[in-house]
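In what follows, a structure is listed as structure tokens, so that the remarks can point back to it.
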Amino acid sequence: MTKRIYNFSAGPAVLPLAALEEAQRDLLALPGVGESILEISHRSKPFDAIIHGAEADMRKLAGIFDNYHVLFLQGGASLQFSMVPLNLMPPGGKADYIITGIWSKKAMKEAQKVGHVNVAASTEADNFARIPTQEELNLTPEAAYVHFTTNNTIHGTEWKREPETADVPLVADASSDIFSRPIDVARYGMIYAGAQKNLAPAGLTLAIIRDDLLARSPQGLHTMLDYNTHAKEKSLYNTPPVFAIYIARLVLKHLLDEGGLEEMARRNQTKAGLLYDAIDASGGFYRPHAQRDSRSLMNVTFRLPSEDLEKKFVSEATLTGLDGLKGHRSIGGIRASLYNAFPREGVEALVAFMKEFREKN
Ligand SMILES: Cc1ncc(COP(=O)(O)O)c(C=O)c1O
């Protein structure tokens, strides 16, 4: 097998080796089926078992109650930026958006095409280096929902606890930290996520939506944009991303086998802790982007003394088998994404590289 290097990419991102190995082993013919997962019908019995197994394991893993639907969709988290307001905001209604980064802004922009958006808080003036406090939130009691981004992939910040929104349903874009730690699903009206970071390859979007919210979708909404279509047809109204759902099934099984979300949280704390410690101990050579109390465990972002050094850092790291460390073009610097499947040894290798790089430069 070709050697695998350490993949720090923000997404699509590293997947559990056990899942990849099982997929590789069974790629030509699924056991007991004799056809490839790439070839089987989404209406076949074997795929039925796969999609139901994925849903059952997800419910077990995250404690998703029966009054929530689990939907396997397409179009990325970006399509949810539109589907959320189209379904959940009544005509002439309003919604609160908490702006903590570029993805929340994009979500807000789509909602503004549907109704009135109140910016409940924004940390843009602080370069999105922090998460707002509860006291900063200017919430609208009659809002249809409050939207927030649980983890800000680009800036490297994350909410440590959900905002308090009283009776207003909370809607979360959890694309970059879904299943990285325990989640209290009952706190949410809806959770959605592009799957390509912690769950599956690209092409699958997950939506977990509370039953009562489905009644809000307006008459006449386009069939594919209506959550009711996908809930009623159990995500099989049209052809779903069969392969991505299959991999999600393997990843979810793996997460359960490895000890579930508590264990993922423990490992993710340890991994990110190693890296933040190295940044903090660098005497200012490495400067974290996020404020301490808002630091993401999934995406660790930092700067070096100059852009030239950052370029050199990325290219020398790549040569030693540490790939995908270039920060998002909008904020520059370095970003190390440490999703569930990213191994601790990879973080240790990065920390060792950082020490050597600092000493040399
Ligand atoms: C937090 C967050 N939201 C939304 C998106 C957009 O996701 P997609 O590419 O699936 O539309 C991303 C992608 O990186 C993201 O990190």
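Atoms within each ligand, like the ligands themselves, are counted from 1 in listed order. Just so it is clear, the model here is predicted, and its values are computed rather than measured.
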Atoms of ligand 1, numbered as shown, that sit under 4.0 Å from any heavy atom of [X]:
X: Phe81; result: 4 (C)
X: Ser175; result: 1 (C), 2 (C), 3 (N), 4 (C), 15 (C)
X: Thr149; result: 1 (C)

| Close N or O approach (Leu79, ligand 1; < 3.5 Å) | no
| field | Name of the residue among Asn151, Thr150, Asn152, Thr153 meeting side chain to side chain donor-acceptor pair (under 3.5 Å) with Ser296 | value | Asn151
Tell me which protein heavy atom sits closest to [atom], plus the residue, atom name and distance to 0.1 Å.
atom: atom 3 (N) of ligand 1; result: Asp173 OD2, 2.6 Å
atom: atom 12 (C) of ligand 1; result: Trp103 CE2, 3.4 Å
atom: atom 7 (O) of ligand 1; result: Ala77 CB, 3.5 Å
atom: atom 9 (O) of ligand 1; result: Gln196 NE2, 3.5 Å
atom: atom 11 (O) of ligand 1; result: Ser78 OG, 2.6 Å
atom: atom 16 (O) of ligand 1; result: Thr153 OG1, 2.4 Å

Please determine whether any non-hydrogen atom of [X] lies less than 4.0 Å from an atom of ligand 1.
X: Lys106; result: no
X: Lys197; result: yes
X: Asn151; result: yes

| Under the side chain to side chain donor-acceptor pair (under 3.5 Å) criterion, do Asp96 and Thr140 qualify, and how do the steps go? | CA-CA 7 Å; Asp96 284 344; Thr140 318; 2.6 Å; yes
| query | Do other residues, nucleotides or ligands put more than 12 heavy atoms under 6.0 Å from Lys311 NZ? | reply | no
| task | May I ask you to check whether over 12 heavy atoms, not counting those of Arg25, lie within 6.0 Å of atom CZ? | result | yes
| query | Going through the distances and angles, do His147 and Tyr97 end up as a ring-ring contact (aromatic ring centres under 6.0 Å, His included)? | reply | CA-CA 5 Å; His147 181 281; Tyr97 276 69; 4.7 Å; yes
| query | For Ser315, which residues count as a side chain to side chain contact (heavy atoms under 4.5 Å, CB included) partner, sequence neighbours excluded? | reply |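 Side chain to side chain contact (heavy atoms under 4.5 Å, CB included) check on Ser315 returns nothing, list empty.
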| task | Could you tell me whether Tyr192 approaches ligand 1 through its side chain, its backbone, both or neither, with non-hydrogen atoms closer than 4.0 Å? | result |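 Answer for Tyr192: neither.
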| request: Kindly say whether the aromatic ring centers of Tyr246 and Phe47 come within a distance under 6.0 Å. | output: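 For Tyr246 and Phe47, the ring centres are not under 6.0 Å apart.
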| query | Phe342 vs Tyr6 aromatic rings, parallel, tilted or perpendicular, using cut-offs 30° and 60°? | reply |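 Tilted.
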| Would you call Val70 and Ile64 a side-chain contact if the rule is heavy atoms closer than 4.5 Å? | yes
